[in-house]
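Presented below is the structure to which this report refers.
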Amino acid sequence: MIVQQLISEDIPVILLTDSGQKALSCMDVFRLSHLPVVRDHVYVGLVSDQFIEDLNLSEKELESHASQLPFHSLHFNSSVYEAAALMTRHGLSLLPLVDDDHLYVGSITQSDLTRYLTRYMSLNEPGGVIVLQCAGNSYSVSQISQIVESNDARILHLVVSKPADAENPEITLKLDKVELSSLLQTFSRYGYQVSAVYMDDSLLHDLYEDRIELLIRYMNL
């Protein structure tokens, strides 16, 4: 999926002739900490509440410090993974999109991107989660799929990531069933180490947020 499909039509733009206070008011209304700044439809930078506060721009026009505005942006035909990596790297609540001539096309928000990743990873679908570990790269996706299917289950989503404090990669499986006892035994017989199992809905929300963050950080390496 390309980022253009996630553009939010409601996000306002800030002009260089606008004051810092106007930008802050718009951020407050839309619950964002960043907004795009444009001049004659050309994207010139990304203003943040921290930028306004650090330079004491509440009563000044942004044009007075236009050259200092960060230029974080992405081409509108880029992938959502590039957007996720860029937004995570710079802590952005919003990412402006531009065309080949740096004309402003629109913006995507962190919340919209997270909702997309949640749908993409089938996190809202009922079912349990198994986290596997294996030495080095000695895992086989085809074998994992066969093990799951032999236990009358189906993989809704599979993510391979490597946490910063781990020597080996983690394989996170979102499955379409909650009762996973027989599947766990089969994985053990095939030499896979089960590092975590989530079958209780009350525990899954925190796991999902952690898996999304790990996925984005892994793409960002």
Side-chain angles (χ1 to χ4, degrees), residues 1-3 5-6 31 33 74 78-95 108-221:
M1 184 175 186
I2 61 174
V3 287
Q5 296 173 269
L6 291 179
R31 298 182 180 180
S33 359
L74 200 63
S78 302
S79 75
V80 293
Y81 302 111
E82 291 177 82
L86 185 60
M87 294 177 81
T88 301
R89 187 182 310 132
H90 298 289
L92 305 179
S93 62
L94 172 146
L95 181 62
I108 63 173
T109 65
Q110 184 185 58
S111 57
D112 286 339
L113 182 61
T114 300
R115 277 194 290 271
Y116 167 75
L117 289 174
T118 298
R119 292 195 303 271
Y120 173 70
M121 296 173 70
S122 302
L123 300 186
N124 288 328
E125 296 293 326
V129 173
I130 296 176
V131 182
L132 303 174
Q133 281 191 342
C134 52
N137 293 314
S138 61
Y139 64 88
S140 166
V141 172
S142 61
Q143 184 184 60
I144 290 171
S145 298
Q146 291 173 358
I147 292 172
V148 171
E149 291 172 2
S150 69
N151 283 270
D152 298 321
R154 183 169 61 94
I155 298 175
L156 298 177
H157 197 82
L158 182 152
V159 175
V160 179
S161 59
K162 188 175 182 181
D165 58 348
E167 295 182 2
N168 299 316
E170 285 188 347
I171 305 165
T172 303
L173 306 173
K174 175 62 189 289
L175 307 166
D176 67 345
K177 62 187 299 184
V178 175
E179 174 48 54
L180 304 174
S181 301
S182 62
L183 186 53
L184 297 176
Q185 293 174 5
T186 307
F187 274 126
S188 179
R189 288 200 304 271
Y190 277 84
Y192 288 93
Q193 179 183 348
V194 178
S195 61
V197 182
Y198 299 86
M199 295 182 286
D200 185 345
D201 287 342
S202 65
L203 301 176
L204 287 175
H205 179 73
D206 290 340
L207 170 73
Y208 294 161
E209 289 189 350
D210 179 60
R211 292 298 109 176
I212 289 177
E213 182 178 351
L214 274 178
L215 171 63
I216 293 173
R217 291 185 184 279
Y218 188 64
M219 293 186 298
N220 203 20
L221 294 177

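Basis for what follows: all heavy atoms, side chains included, without hydrogens, waters or symmetry-related copies. The structure presented is a predicted model; accordingly, all values stated were derived computationally and were not measured. Counting begins at 1 with the first residue of the sequence.
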### Query
Are side-chain heavy atoms of Glu170 and Val160 found at a separation under 4.5 Å?
no

### Task
Indicate yes or no: at least one non-hydrogen side-chain atom of Leu175 is less than 4.5 angstrom from one of Leu156.
no

[X] to [Y] - nearest heavy-atom pair and separation:
{"X": "Met87", "Y": "Leu113", "result": "SD-CD2, 3.8 Å"}
{"X": "Ile130", "Y": "Leu180", "result": "CG1-CD1, 3.7 Å"}
{"X": "Lys177", "Y": "Asn151", "result": "NZ-O, 3.3 Å"}
{"X": "Leu184", "Y": "Val194", "result": "CD2-CG1, 3.9 Å"}
{"X": "Ile155", "Y": "Leu173", "result": "CD1-CD2, 4.2 Å"}
{"X": "Val3", "Y": "Ser79", "result": "CG1-O, 3.5 Å"}

Atom [atom1] of [X] and atom [atom2] of [Y]: how far apart are they, to the nearest 0.5 Å?
{"X": "Leu94", "Y": "Ser33", "atom1": "CG", "atom2": "OG", "answer": "9.0 Å"}
{"X": "Ile171", "Y": "Ile144", "atom1": "CD1", "atom2": "CD1", "answer": "4.0 Å"}
{"X": "Leu132", "Y": "Ser188", "atom1": "CG", "atom2": "OG", "answer": "11.0 Å"}
{"X": "Thr172", "Y": "Lys174", "atom1": "OG1", "atom2": "NZ", "answer": "12.0 Å"}

Tell me whether [X] contacts the main-chain N or O of [Y] through its side chain, where contact means a donor paired with an acceptor under 3.5 Å.
{"X": "Ser145", "Y": "Val141", "answer": "yes"}
{"X": "Asp176", "Y": "Arg154", "answer": "yes"}
{"X": "Thr114", "Y": "Gln110", "answer": "yes"}
{"X": "Glu179", "Y": "Ser181", "answer": "yes"}

### Message
Please enumerate all residues that pass side-chain contact (heavy atoms from CB on, under 4.5 Å) together with Ser111, with sequence neighbours excluded.
### Response
Thr109, Arg115

### Summary
For Gln143, the side-chain contact (heavy atoms from CB on, under 4.5 Å) test, sequence neighbours excluded, returns Ser140, Ile147, Tyr190, Tyr192

### Query
Could you walk me through whether Leu183 and Val148 pass the side chain to side chain contact (heavy atoms under 4.5 Å, CB included) check?
CA-CA 7 Å; Leu183 186 53; Val148 171; 4.3 Å; yes

